[in-house]
Participant: 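Let me give you the structure first, and then I'll get to my questions.
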2 protein chains.
Amino acid sequence: MTKIKNMEEFAALSGISRPTVSKYFHDPDSVRPTTRARIEEALERFDYRPNIYAVNQNRKLTKNIGIVVPYLADPFFAEIARYLEQSCIAAGYRPSLFSSHGEQKLENDILDGLQSMKPAGVLLAPLGRTSDQSVIERFCANVPTVLFDSNLEGLGAAFIGSDNFSFVSQTVEYMTRTGEPPSFFEMRTPANPNANKRRKAYIEVMERLGFEPHIIRVDGKGWAFEEIGHKGALKVLAENELRTNSVLCSNDRLAIGFLAACYEQGIRVGRRDDCALRLASNDDHPFAKFTCPSLTTAAHDYDNVAGRSVETLFELIESGGKFETRSETLFPARLVLRDSA
Amino acid sequence: MTKIKNMEEFAALSGISRPTVSKYFHDPDSVRPTTRARIEEALERFDYRPNIYAVNQNRKLTKNIGIVVPYLADPFFAEIARYLEQSCIAAGYRPSLFSSHGEQKLENDILDGLQSMKPAGVLLAPLGRTSDQSVIERFCANVPTVLFDSNLEGLGAAFIGSDNFSFVSQTVEYMTRTGEPPSFFEMRTPANPNANKRRKAYIEVMERLGFEPHIIRVDGKGWAFEEIGHKGALKVLAENELRTNSVLCSNDRLAIGFLAACYEQGIRVGRRDDCALRLASNDDHPFAKFTCPSLTTAAHDYDNVAGRSVETLFELIESGGKFETRSETLFPARLVLRDSA
DNA sequence: ATGAAAACTTTACGCGCGTTAATTTTTGGA
DNA sequence: TCCAAAAATTAACGCGCGTAAAGTTTTCAT
């Protein structure tokens, strides 16, 4: 089979002029059906495709879309990224996936590199508290960006995420209705802004129900939540810090660590009579089904969050990169009852 | 601050000619220290960077490196990818991360798209059995590729992975030495070629030790290993298929499912006297530390596998994309004793 | 068949940078 | 101080494609 060097050559072989071929690659429907057929016929025979670098150089806007998540080793983000990737491909874009790996410098570097890719748009789940606001602000000023998962006030053209209040209110209400009111278990200085909203929601719901909020904060930095939850839980259990037999974890990965600690200490967790503790959590992490016991948790509406995020980005791109007003869309949680509470 | 449009403009502002500036960006050491200083000074003031598309168009070889893993939602691959990414960046390359998400079509599409990126090299962890060999072969013929994790006979310029025999021999020997010989628990048709090598190693080691191998194969397709392990274990436990109180799982994710099933059935797993079953596994998955009980497993030499992979790719790139002979490098496992066996 | 609109062809320039060749300037050792 | 080597400058072309302008052919309703 002949090796095609460039569009000129391919155009000659297909018997169509280069500008028309160029037009075809832009939008196959923009040429006459007969010429389209001839081009596609040649395409089958010769396996040519336009040089992406030459194409992108000459377009003001590329078909690239950046997807940035804070921590890809967390299967939650891996799943979301998967969905976003597929949606972008389906819409004819070329997604590029990046993980900040929990580090501000990396997040900055990624955004920096992303700018020189002239992307049509970016889906950004920022680190949160540890993000460099000024860097993100500058980035969003230059690149059409939709924030998801973690909201940074006023940054990006829109935000799509989960309604943290809905998460916590459902778990707290369920636990109090079927047992004792829970203590709230979290990291002392959570990186993710969702954590702060969950704490506030916990306090509000508890007070509304007439209970005294009881928050347990454990030490630890970074994104090794299981480890932090594990260590923290061992301490909590040793010092008997629980006021009731009921615990609500800020997120599932902390809960996984907590459950491991309980298991080691021989403390049975669950809602059955022979259990000493009930534990619920938030997120519905992909592994939550396989913890011991399986984890009762408030599930993100993955599909809607991811789906709406790409939809919003596409709208943003079609609107020329700017919205009149910044919108925030929150999807409620769905309570998933399993064995731990 | 002035917006710089192109290298011409930047060169003028820095008082250096464009070809010299171009040379600088290729290799800062290739210009005289004084001119380098002048360029870098201007660089501070004006924040210019070369247009990557124009650069890549005019270089035969880009500075791009593709990293392809079969399933990014598996934290094992996420961690490896993280390491590979960082190493590439440190060496001055631009890594792009892709996940095949367990699907052949996607793997093919990724390789397809990768080709038009003219990457300097690619680090590929193929799907394995479900890979389209011919597609990968064609790809490797065009792009300098180092395979890792899953070996495909003869494909790629080199392979770096783990020594599956070392994994299984250590776990089997440990279990027999401290208790009963294990049954081997695996998927009926594993996608990953490592699984087959592990089975063979199990048989060989068992026979050498004078025990009869006993393999339990469970149904299930795809990459939802926890689910498959869970269902399979429930069946195995219900039908009492175990011959001894000892099980070796082909990999940790299956083991996670197995442990969940045991927990549900009230079967205590561990090496203590009050336990009914001992369970060991392979991989040292990032979550293996937090299972209930924590998982005794043979750990990949993550650092060496990842480190050697990038090293090998860099050598390959410097050798012009071809090695005289294809090499296979296997790193032995390290037995990690935890509570499950 | 006719004529205007639609689609295509030809021609040519531009994008930003790599790269080469010929020329000029700078450097550093004798 | 001088001179050869090293480095920088100037000038110019090429990469593969987007795109615009002007001219030609095809299409389709009348």
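Protein chains get the first letters and strands the later ones, always in sequence-line order, with residue 1 at the start of each.
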Participant: With DNA chain D as reference, determine whether A/Pro19 or A/Glu8 sits nearer its 5' end, using the nearest nucleotide of each.
Facilitator: A/Glu8
Participant: Find the bend of the helix from C/dA1-D/dT30 to C/dA30-D/dT1 as the angle between its two terminal axes (five pairs each), to the nearest 10°.
Facilitator: 0°
Participant: In terms of the nearest nucleotide of DNA chain C, which residue is placed more toward the 5' end: B/Phe25 or B/Thr34?
Facilitator: B/Phe25
Participant: How close or far is atom C1' of C/dA12 from atom CZ of A/Arg18, stated in whole angstroms?
Facilitator: 10 Å
Participant: Just wondering, are more than 12 heavy atoms of other shown residues or ligands nearer than 6.0 Å to CZ in A/Arg308?
Facilitator: no
Participant: Between A/Thr20 and C/dT9, is there a contact of a side-chain N or O with OP1 or OP2 at under 4.0 Å?
Facilitator: yes
Participant: Hey, where on DNA chain D does chain B first and last touch, going 5' to 3'? Cut-off is any atom under 4.0 Å from a heavy atom.
Facilitator: D/dA7 to D/dG16
Participant: May I have the distance from B/Asp27 (atom CG) to C/dG18 (atom C1'), rounded to whole angstrom?
Facilitator: 15 Å
Participant: Hey, which sits more toward the 5' end of DNA chain D by its nearest nucleotide, B/Arg38 or A/Asn51?
Facilitator: B/Arg38
Participant: To the nearest Å, give me how far apart CG (B/Leu61) and P (C/dG18) are.
Facilitator: 14 Å
Participant: To the nearest Å, give me how far apart OH (B/Tyr53) and C1' (C/dC17) are.
Facilitator: 15 Å
Participant: Other residues, nucleotides and ligands only: do more than 12 of their heavy atoms fall within 6.0 Å of CZ on A/Arg49?
Facilitator: yes
Participant: Write down the distance between CD (B/Gln57) and C1' (C/dT19), rounded to a whole number of angstrom.
Facilitator: 14 Å
Participant: Assign each of B/Arg32 and B/Asn58 to its nearest nucleotide of DNA chain C by heavy atoms, then name whichever residue's nucleotide is nearer the 5' end.
Facilitator: B/Asn58
Participant: Quick one: label A/Phe10 by what it contacts on the DNA or RNA (base, sugar-phosphate, nothing), any heavy atom closer than 4.0 Å.
Facilitator: nothing
Participant: Touch check for B/Tyr48, heavy atoms < 4.0 angstrom, all strands: base, sugar-phosphate only, or nothing?
Facilitator: sugar-phosphate
Participant: Is the phosphate of C/dT19, meaning OP1 or OP2, less than 4.0 Å from a side-chain N or O of B/His26?
Facilitator: yes
Participant: So what does A/Arg59 hit on the nucleic acid, given a heavy-atom distance under 4.0 Å: a base, only sugar-phosphate, or nothing?
Facilitator: nothing
